[in-house]
Peer 1: 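Please read through the structure below; I'll follow up with questions.
The figures that follow rest on heavy atoms only: side chains count, while hydrogens, waters and symmetry mates do not.
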Amino acid sequence: MLLTYRALKRASLAKKLRITTPNGIDQASYVRIGGIDQWISIRGEDLSNPVILEIHGGPGASNLIHVPRTRAWERHFTIVRWDMRGAGRTFAGSGPAAQGEMTLDRLYADALEVTEYIRARLGVSRLLLVANSFGTVTGLRLARNHPELYSAYVGTDQNIIGGGRDTSSYEALLARLEKAGRKKELAKVVEMGPDQTAWSAEQWSEYAKTVVTTDPLTYDTMKKVVIRSLWFSPFHNLRGLRSYLKGMNFSEQLGPQAMTIDEVAEGTTFRLPFFLFQGDSDVLTPPEPARGFFEQVTAPVKGFALIREASHFASFRHPEQFLELMLSKVRPVVTGEAAGRR
């Protein structure tokens, strides 16, 4: 009965996702990027709209599962969803042994190659860079170094790692665990210590999972938005679901690599419009460090906004709020149009 309902739901979502507009696009295929075949999807109702390149989070958490939730975005933007090496269909297509070098530097180089492919494929000079969660680590580096390639940067669930100096999220987790009387988990987190630069991949993953399960809003979002989107994804059969989760486990090795990054030291000068849209109740990537970083940023145009009643995965829990921010703050900047013209 459960699988029957899933099949009917997937078929219904697939029907809603059809793009039939005269100037629309709905194409997906493997493209040779960084020496391996990587999955790239391009969808939108009008190719004259700004082109978004999404840099997904996780690591290893392809945004393809969220297409039904973000379908309305495709009326106003052409969206490129790229499954990075180690993630989604890129991982599923060739397995762990064929993913090659799994480093942040390699992902950065891949992203530049994807950028050049999309610019040539769609005949556009600049892409609108939208990064979420772990993808913001790579997103910030792309935005800093290549304003000639991107019309603006939008970060959501923005990571501000700061070289491990900010331990507020760690301390907040300890407080939640102590209040809930979860002594076993508390002992594990205490044993890890606040220095995230010293954590193993297993500890990094355990910490993230504990944060998610100790905050009611985040846990609710994980169940109702992330897991539900994965289960009903019209792009993933049951084998695809298993592969998706295996890809996330495989990609956890990237987590500790990011913990030594200091975004302020890497630079707060951006030569392109810069926007951060953060969940107002995010405990995984809290809004306070993001706002603090934003206030240090120098950019031609910049904007900061909170997504209401949102934890992590803010843009996917409230896609309508995120779209409104994109239309009112970002699109007018990259197109030169007035905010009301859509």
Peer 1: Would you name the heavy atoms of Lys209 and Glu252 that are closest together and state the gap between them?
Peer 2: NZ-OE2, 4.1 Å

Peer 1: With no hydrogens and no angle check, do the side chains of Asn132 and Asp157 hold a donor and an acceptor under 3.5 Å apart?
Peer 2: no

Peer 1: Between Trp73 (side chain only) and Pro319 (backbone N and O only), is there a donor and an acceptor less than 3.5 Å apart?
Peer 2: yes

Peer 1: Treating Thr136 as the side-chain partner and Ser133 as the backbone partner, does any N or O pair qualify as donor plus acceptor under 3.5 Å?
Peer 2: yes

Peer 1: Side-chain contact test, heavy atoms from C-beta onward, threshold under 4.5 Å: evaluate it for Ile79 versus Asn63 and give yes or no.
Peer 2: no

Peer 1: Nearest 0.5 Å please: distance from the CE atom of Met84 over to the CD atom of Gln99.
Peer 2: 13.0 Å

Peer 1: Flag the pair Arg81 and Glu74 as a salt bridge only when some basic side-chain nitrogen lies within less than 4.0 angstrom of an acidic carboxylate oxygen.
Peer 2: yes

Peer 1: Would you name the heavy atoms of Pro59 and Gly255 that are closest together and state the gap between them?
Peer 2: CG-N, 4.4 Å

Peer 1: Do the side chains of Arg43 and Asp26 get close enough for a salt bridge, i.e. N-O under 4.0 angstrom?
Peer 2: yes

Peer 1: Given the rule in the side chain to side chain contact (heavy atoms under 4.5 Å, CB included) test, do Thr218 and Val211 qualify, once you have shown the distances and angles that lead to the verdict?
Peer 2: CA-CA 8 Å; Thr218 309; Val211 171; 5.7 Å; no

Peer 1: Can you find a pair of side-chain heavy atoms, one from Val154 and one from Leu128, that are under 4.5 Å apart?
Peer 2: yes

Peer 1: Check for me, please, whether Leu327 and Val130 land in the same ILVMFWY cluster - side-chain distances under 4.5 Å, paths through other members count.
Peer 2: yes

Peer 1: Which distance, rounded to the nearest 0.5 Å, do you find between the CG of Asn145 and the CZ of Arg271?
Peer 2: 8.5 Å

Peer 1: Report the C-alpha distance between His318 and Phe313 in whole Å, list the side-chain angles of each, state the deciding distance to 0.1 Å, and finish with yes or no for side chain to side chain contact (heavy atoms under 4.5 Å, CB included).
Peer 2: CA-CA 9 Å; His318 296 298; Phe313 316 106; over 6 Å; no

Peer 1: Without swapping roles, check the side chain of His56 against the backbone of Ala61 for a donor-acceptor pair under 3.5 Å.
Peer 2: yes

Peer 1: What about the rings of Tyr244 and Phe235, do their centers lie closer together than 6.0 Å?
Peer 2: no

Peer 1: Indicate if Trp82 and Leu47 have the same hydrophobic cluster label, given that clusters are the connected sets of ILVMFWY residues with side-chain heavy-atom separations under 4.5 angstrom.
Peer 2: yes

Peer 1: Here's a test for you: under side-chain contact (heavy atoms from CB on, under 4.5 Å), which of Arg228, Lys224, Met222 qualifies with Val226?
Peer 2: Met222

Peer 1: Give a yes or no on whether the backbone of Val334 and the side-chain of Ser151 come within a donor-acceptor separation of less than 3.5 Å.
Peer 2: no

Peer 1: A side-chain contact here means heavy atoms from C-beta on lying under 4.5 Å apart; do Ile160 and Thr285 qualify?
Peer 2: no

Peer 1: Listed by chain and number, what are the salt bridge (Lys or Arg N to Asp or Glu O under 4.0 Å) partners of Lys188, not counting sequence neighbours?
Peer 2: none

Peer 1: Does Lys329 form a side chain to side chain contact (heavy atoms under 4.5 Å, CB included) with Phe275? I'd like the steps, not just the answer.
Peer 2: CA-CA 8 Å; Lys329 294 181 178 294; Phe275 301 90; 4.2 Å; yes

Peer 1: Do Gln38 and Asp83 pair up side chain to side chain, a donor and an acceptor below 3.5 Å, judged on atom types alone?
Peer 2: no

Peer 1: If we check side-chain contact (heavy atoms from CB on, under 4.5 Å) with Ile118, which of these qualifies: Leu149, Thr78, Ile40, Ile52?
Peer 2: Ile40

Peer 1: Using a 6.0 Å distance limit plus a 45 degree cone around the ring axis, check whether Lys223 lies over the aromatic ring of Tyr219.
Peer 2: yes

Peer 1: Checking Glu116 now: which residues fulfil salt bridge (Lys or Arg N to Asp or Glu O under 4.0 Å) with it, not counting sequence neighbours?
Peer 2: Arg119

Peer 1: Grouping I, L, V, M, F, W and Y whenever their side-chain heavy atoms are under 4.5 Å apart, do Ile19 and Leu323 come out in a common cluster?
Peer 2: no

Peer 1: Test of understanding: clusters of I, L, V, M, F, W, Y form through side-chain heavy atoms closer than 4.5 Å, transitively. Do Met102 and Met259 belong to the same one?
Peer 2: yes

Peer 1: Working to the nearest 0.5 angstrom, can you tell me the gap between Ile161 CD1 and Thr260 OG1?
Peer 2: 8.0 Å

Peer 1: Between Ser251 and Gly86, what is the shortest heavy-atom contact and its length?
Peer 2: OG-O, 2.8 Å

Peer 1: Can you name the closest pair of heavy atoms from Glu266 and Ile261 and give their distance?
Peer 2: OE2-CG2, 3.8 Å

Peer 1: Determine whether Leu122 and Ile25 make a side-chain contact, defined as any pair of heavy atoms from C-beta on separated by less than 4.5 Å.
Peer 2: yes

Peer 1: Is there a path of hydrophobic side-chain contacts, each under 4.5 Å between heavy atoms of I, L, V, M, F, W or Y residues, that connects Ile33 with Val80?
Peer 2: yes

Peer 1: Give the minimum heavy-atom separation between Val333 and Pro273, together with the two atoms involved.
Peer 2: CG1-CG, 3.5 Å

Peer 1: Please tell me whether Arg331 and Asn49 have a donor and an acceptor in their side chains that are separated by less than 3.5 angstrom.
Peer 2: yes

Peer 1: Can you list everything that forms a salt bridge (Lys or Arg N to Asp or Glu O under 4.0 Å) with Arg182? Sequence neighbours excluded, please.
Peer 2: Glu185

Peer 1: Heavy-atom count around Glu191 CD within 6.0 Å, excluding the residue itself: above 12?
Peer 2: no

Peer 1: Is a side-chain donor or acceptor of Glu113 paired with a backbone partner of Gly34 at a separation under 3.5 angstrom?
Peer 2: yes

Peer 1: Starting from the C-alpha separation in whole Å, work towards a yes-or-no answer on side chain to side chain contact (heavy atoms under 4.5 Å, CB included) for Val330 and Leu325.
Peer 2: CA-CA 7 Å; Val330 182; Leu325 290 168; over 6 Å; no

Peer 1: Report yes or no: does Thr70 contribute a side-chain atom to a donor-acceptor pair with the main-chain N or O of His66 at less than 3.5 Å?
Peer 2: yes

Peer 1: Please report the shortest heavy-atom distance between Gly139 and Ala131, naming the atom on each side.
Peer 2: CA-CB, 4.2 Å

Peer 1: Only pairs at least two apart or in different chains count here, so list each ring-ring contact (aromatic ring centres under 6.0 Å, His included) that has a residue in residues 138-162.
Peer 2: Tyr153-Phe274

Peer 1: Could you state the interatomic distance from CG (Leu254) to CG (Leu107), rounded to the nearest 0.5 Å?
Peer 2: 5.5 Å

Peer 1: Rounded to the nearest 0.5 Å, what's the gap from OG on Ser229 to NE2 on His236? Could you check?
Peer 2: 11.0 Å

Peer 1: List, one per line, each side-chain donor-acceptor pair under 3.5 Å for residues 170-180, sequence neighbours excluded.
Peer 2:
{"unit_1": "Tyr170", "atom_1": "OH", "unit_2": "Val189", "atom_2": "O", "d": "2.8"}
{"unit_1": "Glu171", "atom_1": "OE2", "unit_2": "Thr167", "atom_2": "OG1", "d": "2.8"}
{"unit_1": "Arg176", "atom_1": "NE", "unit_2": "Thr214", "atom_2": "OG1", "d": "3.2"}
{"unit_1": "Arg176", "atom_1": "NH2", "unit_2": "Thr214", "atom_2": "OG1", "d": "3.3"}

Peer 1: With no hydrogens and no angle check, is any side-chain donor or acceptor of Thr268 less than 3.5 Å from a backbone partner on Val264?
Peer 2: no

Peer 1: Under 3.5 Å, is there a donor-acceptor pair between the side chain of Thr213 and the main chain of Thr210?
Peer 2: yes

Peer 1: For the backbone of Gly193 and the side chain of Trp199, can you confirm whether one donor and one acceptor N or O come within less than 3.5 Å of each other?
Peer 2: yes

Peer 1: Ignoring hydrogens and angles, write down the donor-acceptor pairs under 3.5 Å from the side chains of residues 290-311, residues two or more places apart or on other chains.
Peer 2:
{"unit_1": "Lys302", "atom_1": "NZ", "unit_2": "Phe294", "atom_2": "O", "d": "2.9"}
{"unit_1": "Lys302", "atom_1": "NZ", "unit_2": "Val297", "atom_2": "O", "d": "2.8"}
{"unit_1": "Ser311", "atom_1": "OG", "unit_2": "Thr221", "atom_2": "OG1", "d": "3.3"}

Peer 1: Do the side chain of Arg32 and the main chain of Gly35 share a donor and acceptor less than 3.5 angstrom apart?
Peer 2: yes

Peer 1: I'd like to know if the side chain of Gln257 pairs up with that of Thr103 as donor and acceptor (distance under 3.5 Å, no hydrogens or angles considered).
Peer 2: no

Peer 1: So how far is it from Thr21 OG1 to Asp46 CG, rounded to the nearest 0.5 Å?
Peer 2: 7.0 Å

Peer 1: Answer yes or no: is there a side-chain heavy-atom contact under 4.5 Å between Ser243 and Phe91?
Peer 2: yes

